Every structure is written in C-alpha cells, then in structure tokens.
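Contents: one structure, followed by commentary.
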Amino acid sequence: MVRENYEKICAGEEVREHLIQLREELKEENGRREFAYLLGGDFSKLCGLLSHEDPKVRKNAALVLGKMESEDLLPVLFDAYRKEKTLFIRADYLKAMSELDYRPLLSGLEQQLAVLRDVQEWQPEEWKHVSEEIRMLQTMVLRCSGVRHHRFSGEKEPEDVILLTNRRQREATAEQVQKGKITMLAGGVRVDGASLKDIRQIRTYTELLFPVKTRTLPADQPAQCGELLAGPVLMLLDRIYNGAGAFLFRVELRGQNTGNSPRSEHSPRGERGAASAVDLFCVGQYQEKKGVYLRKFSDALEKASGARLINSVTDYEVEVRLVLRKDGTFAAMLKPSSSFDGRFDYRKEVVASSIAPVNAALTAYLAKPWLKEGAQILDPFCGVGTMLIERSRAVKTGTMYGLDLFGEAIEKARRNTQRAGCIVNYVHRDYFTFTHEYLFDEVITDMPQTAPEGTKGALRELYHRFFETIGKLLKEEAVLVIYSSEPNYVLESVRVWSEYRIEKRFLLNEKNNTTVFVISRKRMGT
C-alpha cells in the first residue's frame, strides 16, 4: 500500500486522504523502510506539498517528512513552519521536526517561543492552537537544552504541611511529629510550623503536601484560577527551593466530579487501586471536558507566572494539586516530585503482590511496642524484602531471614536490600519445608492473598498450616506481626492453636479488611 498511496499522491488524486493512509503505513518500521527505498532520497514531491492550498495537505505532508529520518529536511520544515499562517497546523510542523535531530534549530525555536509568550492578548478561538504550539515548543526546547532541577532548601525554616496518611491510623503519624501545631484531618494530619528535617524522617505518611495560601479559587473559572494561583505558588517555590529559573509542573484534580477519585488507600497489597476515569469536570452548572479544563488552567498559570511555571507531564518538579471543596472552590496544594521524598528509594524492584513500602513501615511502627532490639527475625513470605527492611528501620535487628517460593522475588529482594544498606539472608524455599539451626524471636510477614490452588478454601487452609507449623521455628514468648487481608482466617487459627494470643489488632482499611495483628506466643505451661 505504501507504493500505491505515494503514486496516488504524485498523480494528485485525493492527496489528503492518501497522505493520511501513508502516515498510517509509516508507523511501522517496515513501512518506513519501504518508503525510504521507494523515494531514494528524492523528497521533492512531498516538499512541494508544503505550499499546497489545503492546510491539511500541508500538515500531513510535514508529518510524513518527519518520519524520513533525514536532517536535510529540517531547514525545509522550519522555513515552512515560519511561513505558515494557519494556526491549527503550526504545531504539526513542530511535531515533524521533533522526530529529527533538531538541535541546530534550537536558537530559532527559542526565539519563536519568546515571541508567542510576549503576545499579551489572543482571541479565544486562536489561543487553543497557540497554546498547543507553545507547549510543543517548550517540550522541544527542554528536551534539547536539558532540565535543571532546583535543590530543595525548605528545611531551613518552619513550614506548614499536610501529611496524607492511612485514614484509620492517623495518630501513628501525628504522634511522631516533634514540632508544630497539629490538626487532625479526615485523611491525614496538618502541621503548622513543622520542621521538615524531622518530618522527612517519618515513614508512615503516604504524601506530603504544602498548602498554598491564596485568595478564593472559583472552580468554574479555570483561567482565573490559574491567574490567582501563579503568584502564591511562585512565592512558596522560591522559599523552599534554591535557584532561579523556571519550575516544571503538572496539575492534578481531586475531589467530587473531577474525574479522578482518590486512589484506594490500601488495596489488598496496598500497591494498587486505580482511580476511575471520567472525561468531564463538573462543578455547579459548569461542565467542561477535563483535558480542556486542565489546559485552560495550565495555560493561565504559565502566562501569569511569566513562564517561570512550565507545564510538563514528564520530568516535572512539582505537582499543583487542586482539591474541589463542597462550595465549588478549590483548595490548592503543592506536592514535590518523587525526588524530594527519598524514604523508600531502595525499593526499585517489585512483583505484582508487593506491599507498598509505606504500609510495611506503618505495620512495623504500629507493632513497635512489642518489638525487641537485636531480635532474630523471619519473614516466611518475604516477596521483594520490603517488610524486613522496614522492620529494621523501626527497631535495631539481629539476624534476619526471608523466604519465598518465587525466585524472581528473591533476586529482587537481594537488590533492594543491598540498596537499603541492610543485611538479610534470603532463601528461595517453601516456608512449609524450611528448617533452621536456631529458633527465631519474631516473625513479621505480609500474608499471601491467594493460595497456589486459587480458592478461598485453599487460602484458609494455608493460614491454618502456617500457624500449625510456625511454632517449630519460634522461641517461647516469640512475637508474630502479621499484615493480612483475611483477618477472619487469623482469628480462626488463633482459636485453634491456643499457644497464641492476640495482643493488638489494627484495622487499616474497612473496605478490604486489611488488618495488622500483633500476636504473642505464650510460654509453655502457662
């Protein structure tokens, strides 16, 4: 079809339609190779179409040329781009050039970006296309010149922060705050005048947000929101980061009717739970496609900031989070990028069943009153090692062992543990066949969510077998810390094997019953 489409284009037959079909063919490497061989380096026909009277023909011709991997076409495309008067296709020339090594054009691209930003007023029907062109130019310039991230310096002075936490165990985070005024929120803890140096040592919060102090932000006015927010956001960023220049940001909408429900706080493994996808943003009588709404807000924020805030969905430094209130206004917050939070940097590798590290940290913290310094510890279902690593962070440990049937998990656990600077003896072995020369003081584990047989009955039996056999590996008065999404199986097992006693249970999630149990083993004969 590549040859047929090109011959039709050369003959002037339904040129636009055949260009579109040719673009589809060129998505595949074989198509591009066939077309390059067919052209033999002669791009004259396609270059001639850049002056065609139909703007959509010009657009598609440019996009086809961008697939040709020939830097000789750059001056042709750039010249056509500068001459192009039809706003809605100008960004397509940039897309075509972005397929090539456009570094020689960097100066010209930067100049064009400055020109577009200097224009104070665009007509509403123009701005949609101009903003797309600006975003494309920004992406190309940043990709070519590199991104210089700012260094966080907010630990110098007290700051107001919001720590999002497990909703059922907010106090576990609040009691670790050493400085500042604490206010309990529905989903976490607010700390006014916090010491960020101390806050960043706490391992039990899921997200840290900086509230932005600003005037009322009406959610039904995206452009006005962006204009009002620019100054306060820059003021906060300049306070907590070192260095001048632009900040890259992305926008996140949260709350009712935003098309982005908050993620499940703890899915059974605490790792997943995707948000529902809705295409509309609605508040009161206002309704807009979510993507359009975000573009309007982001464009206004960029413009009002004098291009010191640049929208970038990748490699961003900060997330601007807008939370919809019941009264139709926004609360605005900033979330630093992941590079700010190094608490769990060791955990680079996971498997599908991996527990979220913050949940492992919360488990270890909740159990801390029962943990012994220097304890010999076993995790019979260790996965990628997260639970053992977080246990070692809570209270100093002795020797630690991790078992798992899944060999890939064991290899990933070894790498994660090395990054964490811990020492764990990992064994690729079924827990039920494991023996050891000495007994353990403590078991800490994330119980399996499924049994190999895949049935609820088999999982229940696995729990019973676990309690039946674990005593062979434990010292008298040992402690078991169990993270489980099947609390009833734990309760049943403890009733059957009376040598165990539940010291404490902590509910983490009502929807999936995720619970942390602290269980002691009674001294024999008592």
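We number each residue from 1, following the sequence as shown. Everything quoted here is computed from the prediction, not taken from an experiment.
Side-chain atoms of H428 do not come within 3.5 Å of backbone N or O of L403 as any donor-acceptor pair. Proximity of a side-chain donor or acceptor of N425 to a complementary backbone N or O of G402 within less than 3.5 Å is not detected. Judged purely by atom type and a 3.5 angstrom limit, N509 has no side-chain atom pairing as donor or acceptor with the backbone of T514. Judged by distance alone, with hydrogens and angles left aside, the side-chain atoms of T417 form no donor-acceptor pair with the main-chain N or O of R414 at under 3.5 Å. Using a distance-only test at 3.5 Å, with no hydrogens or angles considered, no donor-acceptor pair links the side chain of E411 to the main chain of G407. Judged by distance alone, the side chain of E252 and the main-chain N or O of E319 form no donor-acceptor pair under 3.5 Å. Side-chain N or O atoms of S392 include one that pairs as donor or acceptor with a backbone N or O of I389 at under 3.5 Å. Here the side chain of R308 pairs no donor or acceptor atom with the backbone of A246 at under 3.5 angstrom. Between the side chain of D446 and the main chain of F381, no donor-acceptor pair closer than 3.5 Å is present.
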Under the side chain to side chain contact (heavy atoms under 4.5 Å, CB included) rule, what do L371 and I444 come out as? Steps first, then yes or no, please. CA-CA 10 Å; L371 305 182; I444 185 167; 5.8 Å; no
Go through it in stages, so that I can follow the logic: the residues are R135 and E132, the test is salt bridge (charged side-chain N to carboxylate O under 4.0 Å, His left out), and I'd like the CA-CA distance, side-chain angles, deciding distance and then a yes or no. CA-CA 5 Å; R135 282 193 296 274; E132 184 179 358; 5.6 Å; no
Could you walk me through whether S98 and M136 pass side chain to side chain contact (heavy atoms under 4.5 Å, CB included), step by step? CA-CA 9 Å; S98 72; M136 194 67 216; 3.7 Å; yes
Side chain to side chain contact (heavy atoms under 4.5 Å, CB included) assessment of S493 paired with F466: CA-CA 9 Å; S493 300; F466 168 80; over 6 Å; no
The test is salt bridge (charged side-chain N to carboxylate O under 4.0 Å, His left out); show your working for E510 and R168 and say whether it passes. CA-CA 9 Å; E510 294 171 333; R168 296 294 305 226; 2.2 Å; yes
I'd like to know whether Y365 forms a side chain to side chain contact (heavy atoms under 4.5 Å, CB included) with Q176, so could you lay out the CA-CA distance, the side-chain angles of the two residues, the decisive distance to 0.1 Å, and finally the verdict. CA-CA 10 Å; Y365 181 81; Q176 297 176 72; 3.5 Å; yes
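Checked for salt-bridge contact, K412 and D404 miss the test: no charged N lies under 4.0 Å from a carboxylate O. With respect to R419 and E349, a salt bridge is recorded, a charged nitrogen being found less than 4.0 Å from a carboxylate O. A salt bridge is defined here as a Lys NZ or Arg NE, NH1 or NH2 lying under 4.0 Å from an Asp or Glu carboxylate O, and E390 with R393 fails to meet this definition. Under 4.0 Å is where a charged nitrogen must lie from a carboxylate oxygen, and between E157 and R239 no such pair does.
Counting heavy atoms of neighbouring residues, nucleotides and ligands inside a 6.0 Å radius, atom CD of E171 exceeds 12 of them. Remark: I423 CD1 is loosely packed, at most 12 non-hydrogen atoms of other residues, nucleotides or ligands lying under 6.0 Å away.
Counting heavy atoms from C-beta outward, K504 and P369 have side chains that stay 4.5 Å or more apart. Considering only heavy atoms from C-beta on, Y401 stays 4.5 Å or farther from C382 through its side chain. Counting heavy atoms from C-beta outward, V318 and V233 have side chains that stay 4.5 Å or more apart. In this structure the side chain of P357 never reaches within 4.5 angstrom of the side chain of R203, judged on heavy atoms. Using a 4.5 Å cut-off on side-chain heavy atoms (C-beta onward), Y346 and T386 make contact. Within the 4.5 Å cutoff, side-chain heavy atoms of L234 are placed close to those of L309. L334 has its side chain out of reach of F249: every pair of non-hydrogen atoms, C-beta onward, lies at least 4.5 Å apart. Proximity of N166 to T206: side-chain heavy atoms (C-beta onward) are nowhere separated by under 4.5 Å.
A ring-centre distance under 6.0 Å is found for Y438 and H436.
Among pairs with a residue in residues 207-218, those fulfilling salt bridge (charged side-chain N to carboxylate O under 4.0 Å, His left out) read D160-K213, E207-R321, E207-K335, at least two apart in sequence or across chains.
The CD1 atom of I134 sits 7.0 Å away from atom CG of L113, with the distance rounded to the nearest 0.5 Å. Note: E288 CD to D279 CG = 10.5 Å, rounded to the nearest 0.5 Å. In this structure, OG1 in T204 is found 8.0 Å from CG in L366, a value given to the nearest 0.5 Å. Put simply, CD1 on I377 and OG1 on T445 are 12.0 Å apart, with the number rounded to the nearest 0.5 Å. The CZ atom of F434 sits 9.5 Å away from the CD1 atom of I470 when rounded to the nearest 0.5 Å. Atom CG of L474 sits about 8.5 Å away from atom CD of E499, to the nearest 0.5 Å.
P218 and C225 get closest at one heavy-atom pair: O-SG, 2.9 Å. When all heavy atoms of G385 and A413 are compared, the closest pair comes out as N-CB, 3.7 Å. The heavy-atom pair separating A304 from G226 by the smallest distance is CB-O, 4.3 Å. Contact record, C282 with L324: O-CD2, 4.2 Å, taken as the closest heavy-atom pair. The minimum heavy-atom distance linking R391 with A375 is given by the pair NH2-CB, 4.0 Å. Between V283 and G328, the shortest heavy-atom contact is CG2-CA, 3.6 Å.
Here F344 pairs with nothing under the ring pair (Phe, Tyr, Trp, His ring centres under 6.0 Å) rule; sequence neighbours left out. Every side-chain contact (heavy atoms from CB on, under 4.5 Å) that S520 has, sequence neighbours left out, goes to R501, E503. For the ring pair (Phe, Tyr, Trp, His ring centres under 6.0 Å) test, residues two or more places apart in sequence or in another chain that qualify with F467 are Y500.
Relative ring orientation between Y293 and Y286 is described as perpendicular, the plane-to-plane angle rising above 60° on a 0-90° scale split at 30° and 60°. Ring orientation note: the planes of F210 and F152 are tilted relative to one another, at an angle of 30° to 60°.
A cation-pi arrangement, defined by a distance under 6.0 Å to the six-membered ring centre and an angle within 45 degrees of its axis, is present between R343 and Y205.
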Listing, residues 180-198 side-chain donor-acceptor contacts under 3.5 Å, not counting sequence neighbours, or none:
residue : atom : partner : partner atom : Å
R190    : NE   : D192    : OD1          : 2.8
R190    : NH2  : D192    : OD1          : 3.3
S195    : OG   : D198    : N            : 3.4
S195    : OG   : D198    : OD2          : 3.3

Can you give the donor-acceptor pairs under 3.5 Å from side chains of residues 456-464 to other protein atoms, not counting sequence neighbours?
residue : atom : partner : partner atom : Å
K456    : NZ   : E486    : OE2          : 2.3
R460    : NE   : E492    : OE1          : 2.7
R460    : NH2  : E492    : OE1          : 3.1
Y463    : OH   : S484    : OG           : 2.6
H464    : NE2  : E492    : OE1          : 3.3

